[in-house]
Q: 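I'd like to ask you about the structure that follows.
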Amino acid sequence: MSLKKQDEHDHMGWMQEKQLSPIEKGYLFTLIWLDKRFRIVDYLELLEGLYYRTNLQMPKSHTEQYNLDNKFWYWYPLYALGSFSTIAYVVAAISGALLGFYYSPSTAASLAAGCDATVAYCSIAVIMQDLQFGFMLRSIHRWSAQVMTAAVFLHMLRVYFTGAYKEPRELNWILGIVLISLTMVFGYTGYLLPWDQLAFWAGQIGVEMSLSIPIIGEWVAQLLFGGFSLGQATLQRMYILHVFLLPFVVTSLIAIHIGIVWMQGIAEPH
Ligand code: HEM
């Protein structure tokens, strides 16, 4: 018998001897099968080593350092605001992805019967009136987006008033400033997508604000809005920012932001 076959034979014999339950047997069999082909045990050990090394670098939390295990800090609920922002973001992302199946970013005149407006506007009308639970899907998306904006703002206040922005957490504070700015850009680009009166005039204000920037104003308006008056180029830019660029960038930044909190430990109340 070859060495490998002998190994396999020994493993199976060991499993029979131990009188394992069918679930345990299934688990071990799968593990051994996968390990033979992909060396997963080596990689799992590598990950485990990495995990312990990273955790060794974690500073002791205030609670651990001063043995305050039994204390309840009355402002602890405010520490949930960051996670609350994350949950609202995930809900908005999922409902937004579903809305994407029905929305069309086009300013062309719609040919749909009973809708004398643009394709974009009429696709939202279809979601609201014809699609089963479409009004609910859109409301979930709008509400989660607004809840996220409010939660992110309140989270920032919590961080400020507990002094959690101080050394060594300055970088995460700056990353937070980028995140709250991008959250607002998310809101603005989404607000323009229905291409209704609110969207159109909000877009107009955006163009005027860009144009008011000294020296580079015209260039900024051209870049962000595709020109000085609103049209297809504007809607297309808002759409691609809202459904493609921002989701990638914001998801990555949130992951880094939370990763830094994990590495540094939470700044607990004093
Ligand atoms: C998309 C937006 C954001 C998300 C999803 C998010 C998420 C989180 C989460 C889950 C935590 C863990 C502690 C907690 O929940 O309070 C945290 C901590 C932190 N966040 Fe945010 N955050 C966001 C925006 C911001 C903003 C706008 C700022 C400030 C300008 C900020 C600065 C910080 C800092 C400094 C910490 C560490 C606080 C500590 O150690 O006590 N974050 N964030």
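Keep in mind the model is a prediction, meaning the values are calculated, not measured. Every number for a ligand or one of its atoms is a count from 1 in the order of the listing. Residue indices begin at 1 and follow the sequence shown.
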Q: Give a yes or no on whether the backbone of Gly231 and the side-chain of Thr234 come within a donor-acceptor separation of less than 3.5 Å.
A: yes

Q: Using 2.8 Å as the cut-off, count the protein N, O or S atoms closer than that to atom 21 (Fe) of ligand 1.
A: 2

Q: Is the backbone of Pro168 close enough, under 3.5 Å, to the side chain of Gln264 for a donor and an acceptor to pair up by distance?
A: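 Such a contact is found between Gln264 side chain and Pro168 backbone.
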
Q: Would Arg169 count as being in polar contact with ligand 1, using the rule that some N or O on each side must be under 3.5 angstrom apart?
A: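 Yes: some nitrogen or oxygen of Arg169 is under 3.5 Å from one in ligand 1.
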
Q: Given the rule in the side-chain contact (heavy atoms from CB on, under 4.5 Å) test, do Phe153 and Leu157 qualify, once you have shown the distances and angles that lead to the verdict?
A: CA-CA 6 Å; Phe153 179 69; Leu157 289 186; 4.0 Å; yes

Q: Is the cationic atom of Arg169 (NZ for Lys, CZ for Arg) positioned less than 6.0 Å from the six-membered ring centroid of Trp173 and within 45 degrees of its normal?
A: no

Q: Just jot down the ligand 1 atoms closer than 4.0 angstrom to any heavy atom of Ile180, in number order.
A: 27 (C)

Q: Tyr89: heavy atom below 4.0 Å from ligand 1, yes or no?
A: no

Q: Provide, to 0.1 Å, the distance between atom 5 (C) of ligand 1 and the closest protein heavy atom, together with that atom's residue and name.
A: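 Answer, as residue, atom name and distance: Thr86 OG1, 3.4 Å.
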
Q: Any idea which protein heavy atom is nearest atom 14 (C) of ligand 1, and the distance to it?
A: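 For atom 14 (C) of ligand 1, the nearest protein heavy atom is Tyr79 O, 3.1 Å.
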
Q: Should Arg158 be counted as touching ligand 1, given the test is an N or O pair under 3.5 Å?
A: yes

Q: Return the orientation label for the His155 and His257 ring planes: parallel under 30°, perpendicular over 60°, tilted otherwise.
A: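 The rings of His155 and His257 stand perpendicular, inter-plane angle above 60°.
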
Q: Should the pair Arg237 and Phe225 be classed as cation-pi, given the thresholds of under 6.0 Å to the six-membered ring centre and 45° from the axis?
A: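 So Arg237 doesn't make the cation-pi contact.
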
Q: Hey, which atoms in ligand 1 end up nearer than 4.0 Å to a heavy atom of Ala164?
A: 35 (C), 38 (C), 39 (C), 41 (O)

Q: Should the heavy atoms of other residues, nucleotides or ligands under 6.0 Å from OH of Tyr102 be counted, would the total exceed 12?
A: no

Q: Assign the ring pair Trp262 / Tyr51 to parallel, tilted or perpendicular, where the plane angle (0 to 90°) is split at 30° and 60°.
A: tilted

Q: Under 3.5 Å, side chain of His141 to main-chain N/O of Gly96, donor-acceptor pair present?
A: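 At least one qualifying donor-acceptor pair exists.
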
Q: May I ask you to list the atoms of ligand 1 that are less than 4.0 angstrom from any heavy atom of Ile177?
A: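 The atoms of ligand 1 under 4.0 Å from a heavy atom of Ile177 are 30 (C).
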
Q: Starting from atom 13 (C) of ligand 1, which protein heavy atom do you reach first, and at what distance in Å?
A: Ile266 CD1, 3.3 Å

Q: Applying side-chain contact (heavy atoms from CB on, under 4.5 Å), run through Arg39 and Asp42 and close with a yes or a no.
A: CA-CA 6 Å; Arg39 291 178 43 205; Asp42 285 356; 3.0 Å; yes

Q: Is it the case that the side chain of His242 and the backbone of Thr189 share a donor-acceptor pair, with hydrogens and angles ignored and the cut-off at 3.5 Å?
A: no

Q: Ala267 to ligand 1: N or O pair under 3.5 Å?
A: yes

Q: To check your reading of the model: name the closest protein heavy atom to atom 1 (C) of ligand 1, its residue, and the distance in Å.
A: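 Ranked first by proximity to atom 1 (C) of ligand 1 is Met148 CE, 3.7 Å.
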
